[in-house]
Number of protein chains: 2
Amino acid sequence: MRTPTDLHPPGACTDCRLRQTAGVLPVSKAELVRIQDFRHGARTVRAGGTVIAELSDPRHLYTLYAGWAFRFKTLKDGRRQILNFLLPGDFIGLQAEFADAATHGVEALTDVHLCTFPKAGLWNLFHEHPKLGYAVTWLCASEEQLVDENLVNVGQRSATERIATLLIHLSRRAQRVGLTDADGSFVFPLTQQHIADALGLSLVHTNKTLRKLARLGLHELRDGRLRIVKADALAQLADYAARPLRPVPLI
Amino acid sequence: MRTPTDLHPPGACTDCRLRQTAGVLPVSKAELVRIQDFRHGARTVRAGGTVIAELSDPRHLYTLYAGWAFRFKTLKDGRRQILNFLLPGDFIGLQAEFADAATHGVEALTDVHLCTFPKAGLWNLFHEHPKLGYAVTWLCASEEQLVDENLVNVGQRSATERIATLLIHLSRRAQRVGLTDADGSFVFPLTQQHIADALGLSLVHTNKTLRKLARLGLHELRDGRLRIVKADALAQLADYAARPLRPVPLI
DNA sequence: CGCATCGTTGACTTGGCTCAAAAAGTGTGG
DNA sequence: CCACACTTTTTGAGCCAAGTCAACGATGCG
């Protein structure tokens with residue numbers, strides 16, 4: 001059991017828990033100071049709460065420090081598409097920086113702790129520490145890759161394949177940021193409605209497909225935790241190419 | 001009729017035809033020199049040819065100077081998803097810069113003329129001219145927005161809505177870079193197979209849906225040119241929010 | 001206990017897919 | 001100019017994966 005203090009960003013970036021995980025690129029002392037300087041404060045959003053409202057003009061950028069969230073777009077008639085899920089270390093709010101208003105919303109799946117950065121400071125960051133600007137671009141390109149993958153998933157794969165892909169993918173991302181237990185299980189905060197909205201499926205069909213996979217013993221979803229039981233079978237089902245995850249920069 | 005020389009990038013970036021169009025942000029003289037310096041040469045790819053092969057490790061970045069192209073991903077069994085279409089001014093190859101290998105391919109729809117930049121020079125660009133690095137990030141974020149929109153389209157909308165959205169969207173993008181005639185028509189190089197692959201529809205259903213829209217008099221597609229006839233009706237069909245297109249940077 | 005959210009299941013319908021084949025371009029070489 | 005091969009567009013017929021509608025359990029909270 002984690003103590004609550006684990007989840008709040010520390011005052012000093014040098015104490016950042018995320019930076020101690022394996023998948024994060026090391027930064028120089030000077031860069032770390034600059035990041036700390038760019039940082040504005042912290043913010044907490046309750047599960048289900050709004051991090052960035054659709055169509056708003058947010059004043060902040062964020063790094064997700066702890067918890068899960070997702071980016072989404074809503075149509076006039078209420079249909080909602082989840083674009084991608086956000087895990088600790090992900091940078092939030094870049095698109096909005098380059099558009100008049102947020103073209104998508106961001107919502108917390110669990111209680112979420114964020115480091116906040118003033119939007120106006122981004123250009124300065126690029127100016128004074130181009131390397132960190134480069135890192136921001138990197139993060140942006142990575143996020144685009146997530147969306148690319150989700151698009152292939154939704155556009156080309158069957159319901160079964162889509163769900164298999166999503167489960168594997170989230171499991172790998174969770175593992176990367178150290179959210180998984182020894183047995184490979186991890187807290188899985190999505191409802192079936194979230195899965196449906198991310199994959200372009202109806203709620204009912206999502207449920208039936210999930211049950212089918214569970215009956216086949218490919219995964220277990222109990223007490224809000226997911227455990228991938230037969231990773232290889234799932235991967236085969238999904239035509240999932242397990243590319244090694246590269247270390248990423250962290251702002 | 002354009003003369004062929006129009007289509008080839010000029011030797012000097014100061015003569016760049018694209019930079020004279022309305023939708024492009026102005027740059028300082030120094031920046032233009034820096035861009036020229038970053039530029040490595042030019043390249044032409046025939047219609048149907050490969051700009052970047054899937055899984056390859058491309059050595060170049062590109063700006064699309066003239067012609068149409070698209071980004072795509074292919075599954076093992078041959079299913080293909082078109083991620084987004086590329087029009088003049090679009091920057092190509094960023095994702096590959098931050099991954100081991102190109103996670104997607106880029107193919108020319110028409111004959112295509114590209115400005116080439118050495119991949120290795122990108123970091124220098126950020127370093128020496130942070131403003132241009134900022135512009136690159138901007139372009140990256142814009143492309144992500146394109147993919148976001150396509151994902152909403154594919155995930156949530158019906159076939160009719162998807163096609164209506166695509167037609168309007170491409171028409172607006174074409175207009176922005178000055179590809180449309182006085183009557184609003186423009187060269188439309190996509191086959192129905194391309195549309196199908198972009199929207200996650202079968203070829204047959206794509207054809208039937210297109211015919212339906214044409215019979216309703218919403219658009220005309222003849223001699224390889226598209227003309228949107230009833231833009232408002234199409235937009236309503238698609239729940240298309242016509243956000244004004246902002247000026248973009250050009251590298 | 002009552003209300004709300006989430007998961008589960010069955011019955012029925014349908015939008016979009018597959019198969020098949022013809023018609024209409026497009027380009028090439030003789 | 002025609003013959004031929006190839007690609008692209010069209011159309012019809014039948015089917016199925018996934019959607020809709022409806023209902024019921026389970027769980028949790030004030």
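We name chains A, B, ... by the order of the sequence lines, and we start the count at 1 in each one. Only heavy atoms go into these numbers, but all of them, side chains included; no hydrogens, no water, no symmetry mates.
Side chains of B/Leu114 and B/Val51 form a contact here, defined as non-hydrogen atoms less than 4.5 Å apart. Side-chain contact between A/Pro9 and A/His113 is present, with at least one heavy-atom pair separated by less than 4.5 Å. Under the 4.5 Å side-chain criterion, counting only non-hydrogen atoms from C-beta, A/Leu237 is in contact with A/Leu218.
Remark on the helix from C/dC1-D/dG30 to C/dG30-D/dC1: inter-end axis angle 40°, axes from five-pair C1' superpositions, rounded to 10°.
When the shell of 6.0 Å around CD of A/Glu220 is examined, it contains more than 12 heavy atoms from other residues, nucleotides or ligands. Within 6.0 Å of CD on A/Gln236 lie no more than 12 heavy atoms contributed by other residues, nucleotides or ligands.
Contacts with DNA chain C (heavy atom under 4.0 Å) in residues 189-204 of chain B: B/Gly200, B/Leu201, B/Ser202, B/Val204, listed by number. Non-hydrogen atoms lying under 4.0 Å from DNA chain C are contributed by B/Ser158, B/Ala159, all within residues 150-165 of chain B. Using a 4.0 Å cut-off on heavy atoms, the residues of residues 208-216 of chain B that approach DNA chain D are B/Lys208, B/Arg211, listed by number.
Across the protein-nucleic acid pair, A/His205 atom NE2 and C/dC12 atom C1' stand 15 Å apart, rounded to whole Å. Distance, A/Asn207 CG to D/dA23 C1': 14 Å, rounded to whole Å.
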Quick one: which protein N/O atoms are closer than 3.5 Å to N/O atoms of nucleotides 23-29 of chain C? Pair and distance per line, please.
none

Between the protein and nucleotides 26-28 of chain D, which nitrogen or oxygen pairs are less than 3.5 angstrom apart?
none

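Listed by chain and residue number, nothing satisfies the side chain to side chain donor-acceptor pair (under 3.5 Å) test with A/Asp232 (two or more places apart in sequence, or in another chain). For the side chain to side chain donor-acceptor pair (under 3.5 Å) test, residues two or more places apart in sequence or in another chain that qualify with B/Arg225 are B/Asp181, B/Ser185. Under the rule for a salt bridge (charged side-chain N to carboxylate O under 4.0 Å, His left out), A/Arg215 has no partner lying at least two apart in sequence or in another chain. The side chain to side chain donor-acceptor pair (under 3.5 Å) search around A/Thr21 returns none, not counting sequence neighbours.
For residues 141-166 of chain A, there are no ring-ring contact (aromatic ring centres under 6.0 Å, His included) pairs, not counting sequence neighbours. Sorted by first and then second residue, the ring-ring contact (aromatic ring centres under 6.0 Å, His included) pairs involving residues 203-245 of chain A (not counting sequence neighbours) form an empty list.
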Next on the checklist: Before you tell me yes or no, could you show the steps for B/Arg243 and B/Glu149 under salt bridge (charged side-chain N to carboxylate O under 4.0 Å, His left out), namely the whole-Å CA-CA distance, both residues' side-chain angles and the distance that decides it to 0.1 Å?
Outcome noted: CA-CA 12 Å; B/Arg243 199 191 272 293; B/Glu149 276 178 34; 5.3 Å; no
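Under a 4.0 Å N-O distance rule, the pair B/Arg157/A/Asp77 does not qualify as a salt bridge. A salt bridge links B/Arg71 with A/Asp148; the closest basic N to acidic carboxylate O contact falls under 4.0 Å. Taking a cutoff of 4.0 Å between a charged side-chain nitrogen and a carboxylate oxygen, B/Glu54 and B/Arg80 do not qualify as a salt bridge.
The ring of B/Phe72 has its center no closer than 6.0 angstrom to the ring center of B/His104. Checked against the 6.0 Å centroid criterion, the rings of B/Phe117 and B/His60 do not qualify as a close aromatic pair.
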